[in-house]
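Data first, discussion second: the structure below is written as structure tokens.
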Amino acid sequence: MTPETADVLLGNEVSFLAGADAGNGCDIAISSRIRLARNLAEMPFPGSASDEMREKISDAVADVVDPRLFGGKVHLFEMASLSPVDRDVLMERRLASADFIRRTGGAKLLVRNDERISLMVNEEDHIRLQAIRPGFQLPALWEEISRIDDRLGRKLPFAFDEKLGYLTSCPTNVGTGMRASVMLHLPALTLSGRIGATVQGIQKLNLAVRGIYGEGSDNRGNFYQISNQHTLGESEEEILGRFSAVIDQLINFEREARAALLQKDRFGMLDFVGRSFGALRYAYKMPGGEALNHLSGVRVGVDMHLFENLDIRCVNELWIATQNGHLQKNAGRELSAAERDVERARICREKLRQGRN
């Protein structure tokens with residue numbers, strides 16, 4: 001495979017938002033993702049491997065990944081040869097972690113053409129295999145990623161212990177090596193003042209709560225990533241069963257909070273949605289964090305059918321187009337922070353004007 005740039009993906013509908021109007025709880029559960037951590041037997045973990053060894057490992061993995069294994073055409077990205085903007089685009093499309101895009105020696109990303117399957121080579125572990133889809137679809141994700149993992153395991157010798165399971169760089173991933181996560185949009189729980197208690201309750205169940213880009217990111221725009229923390233002592237199906245039950249409950253809590261706000265403070269909810277739309281529709285400068293917060297308001301308005309001529313696809317397109325990497329990629333050059341704010345506002349004004357026609 002020949003290394004490519006992020007340009008090859010820009011024509012695609014973003015995988016974790018594609019078909020987001022087709023049910024599966026997409027009004028609250030934005031996306032579901034499963035990642036599997038795997039390492040090659042008798043090879044040092046990436047953190048202790050030499051540059052030469054990391055290159056050898058990345059070549060070994062890339063050599064066995066083909067369209068038959070992944071189920072479709074595969075794109076190859078080498079982090080060392082990508083521009084900062086290209087790296088941001090890959091992270092914004094949730095194909096690469098924030099830590100991975102900063103890596104160079106031996107760091108490769110393999111992505112299926114529809115972006116629903118990807119594989120990071122030499123992140124924290126030799127292999128981070130990922131499956132992602134819109135909405136709440138963990139069973140379907142597990143079926144697909146497990147099948148690909150089995151194929152990969154027949155081609156590569158994974159580090160595995162009969163008692164512990166899969167061996168990983170971080171002890172918290174030992175066992176199944178599986179991290180399942182669901183990104184939830186929880187504006188009503190936030191507006192009603194219940195989000196603090198909700199997050200504390202989630203954490204008591206040994207689940208992690210993070211922002212849009214995972215570990216180290218904040219919860220801008222009322223978006224929360226919920227993921228399992230235990231990977232040892234249970235099967236993947238048992239972990240996913242318990243985790244899914246919590247996500248179901250959170251979705252119900254948010255729906256109840258939205259209904260209660262409309263009943264008890266209808267004009268407060270309408271004001272939240274209307275101010276968000278007004279800012280995006282008429283502002284001439286828009287910082288990224290502010291845009292995400294306003295898009296949260298517009299999104300909940302669309303989900304609750306408060307707009308006549310605006311759909312969720314328009315909101316999703318704005319969500320991606322206004323992030324720094326995509327903003328600069330579509331502009332054809334790197335932009336200063338001030339230029340990004342102006343361009344972001346312009347895109348919002350034009351897109352929302354079109355969405356209202």
Side-chain angles (χ1 to χ4, degrees), residues 1 3 33-72 74-80 95-97 99-112 116-132 141-181 214-215 227-240:
M1 286 181 284
R33 179 176 68 190
I34 294 178
R35 278 183 180 167
L36 300 178
R38 301 288 186 260
N39 287 283
L40 304 188
E42 300 182 3
M43 293 283 190
F45 292 133
S48 58
S50 64
D51 289 345
E52 182 181 0
M53 182 59 71
R54 285 195 295 271
E55 290 289 351
K56 181 179 179 180
I57 291 165
S58 71
D59 289 341
V61 175
D63 284 346
V64 304
V65 174
D66 58 29
R68 288 179 299 174
L69 188 146
F70 258 28
V74 182
H75 298 291
L76 169 65
F77 305 95
E78 293 185 347
M79 293 300 109
L95 300 171
S97 66
D99 178 61
F100 183 72
I101 65 169
R102 293 190 292 267
R103 296 185 179 236
T104 52
K108 292 180 180 177
L109 176 67
L110 297 145
V111 180
R112 195 170 72 186
R116 291 192 171 190
I117 297 293
S118 59
L119 189 156
M120 290 182 284
V121 187
N122 285 322
E123 199 230 29
E124 186 177 70
D125 294 288
H126 296 149
I127 293 171
R128 286 287 177 92
L129 179 64
Q130 170 180 292
I132 190 167
L141 281 180
W142 171 241
E143 182 179 347
E144 182 171 29
I145 199 171
S146 178
R147 185 169 58 249
I148 295 172
D149 181 48
D150 288 343
R151 293 174 187 165
L152 200 58
R154 288 194 287 268
K155 293 176 175 287
L156 295 169
F158 289 155
F160 185 84
D161 181 87
E162 290 297 331
K163 291 184 178 180
L164 295 176
Y166 292 102
L167 304 180
T168 58
S169 179
C170 180
T172 59
N173 290 326
V174 168
T176 62
M178 182 185 74
R179 293 285 181 173
S181 68
E215 191 169 0
S227 62
N228 67 296
Q229 294 198 92
H230 285 175
T231 63
L232 183 63
E234 293 181 290
S235 69
E236 293 88 348
E237 290 81 4
E238 288 171 329
I239 293 170
L240 290 174

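Numbering of residues begins at 1 and proceeds along the displayed sequence.
To the nearest 0.5 Å, atoms CG (Asp63) and OG (Ser58) are separated by 9.0 Å. Atoms CD1 and CE, from Ile34 and Met178 in turn, are 6.0 Å apart once rounded to the nearest 0.5 Å. The CD atom of Glu238 sits 14.0 Å away from the NE2 atom of His230 when rounded to the nearest 0.5 Å. A distance of 12.0 Å separates CG in Leu167 from CG in Leu40, rounded to the nearest 0.5 Å. Atom CG of residue Asn228 and atom CD of residue Glu234 lie 9.5 Å apart, to the nearest 0.5 angstrom. Separating the CD atom in Glu237 from the OG atom in Ser146 is a distance of 7.5 Å, to the nearest 0.5 Å.
With a 4.5 Å cut-off on side-chain heavy atoms, His126 and Asn39 count as touching. No side-chain heavy atom of Arg35 sits under 4.5 Å from any side-chain heavy atom of Leu129. Between Leu119 and Arg38, the closest side-chain pair of non-hydrogen atoms is not below 4.5 Å. Inter-residue side-chain proximity for Glu144 and Ile117 is flagged as met; some heavy-atom pair is nearer than 4.5 Å. Met79 places a side-chain heavy atom less than 4.5 Å from the side chain of Leu109. Within the 4.5 Å cutoff, no side-chain heavy atoms of Leu240 are placed close to those of Leu141. Residues Asp66 and Val74 fail the side-chain proximity criterion, which asks for heavy atoms closer than 4.5 Å.
For Phe100 against Ala96, the heavy-atom pair with the smallest separation is CD2-CB, 3.8 Å. Ser235 and Thr176 make their closest contact through C-CG2, 4.3 Å (heavy atoms, listed as atom of the first residue, atom of the second, distance). Of all the heavy atoms in Leu110 and Val121, the pair that sits closest is CD1-CG2, 4.1 Å. For the pair Val111 and Phe77, the tightest heavy-atom approach, listed with the atom from each and the gap, is CG2-CE1, 3.8 Å.
For Arg128, the salt bridge (Lys or Arg N to Asp or Glu O under 4.0 Å) criterion is met by Glu123, Glu124, Asp125, not counting sequence neighbours. Every side chain to side chain contact (heavy atoms under 4.5 Å, CB included) that Glu143 has, sequence neighbours left out, goes to Arg147.
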Practice problem: Show your reasoning for whether side chain to side chain contact (heavy atoms under 4.5 Å, CB included) applies to Trp142 and Leu36. | Solution: CA-CA 10 Å; Trp142 171 241; Leu36 300 178; 4.1 Å; yes
Quiz prompt | Verdict with reasoning, Thr231 to Arg179, per side chain to side chain contact (heavy atoms under 4.5 Å, CB included) | solution = CA-CA 8 Å; Thr231 63; Arg179 293 285 181 173; 4.3 Å; yes
Exercise. Might you work through the side chain to side chain contact (heavy atoms under 4.5 Å, CB included) test for Lys108 and Asn122, ending with a clear yes or no?
Key: CA-CA 7 Å; Lys108 292 180 180 177; Asn122 285 322; over 6 Å; no
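Of the charged side-chain nitrogens involved, at least one lies within less than 4.0 Å of a carboxylate oxygen, so that Asp51 and Arg54 count as a salt-bridged pair. The pair Asp99-Arg103 meets the salt-bridge criterion, since a charged nitrogen lies less than 4.0 angstrom from a carboxylate oxygen.
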Enumerate, atom names and distances included, each donor-acceptor pair closer than 3.5 Å involving a side-chain atom of residues 156-166, sequence neighbours excluded.
| from | atom 1 | to | atom 2 | distance (Å) |
| --- | --- | --- | --- | --- |
| Asp161 | OD2 | Lys163 | N | 2.9 |
| Asp161 | OD2 | Leu164 | N | 2.9 |

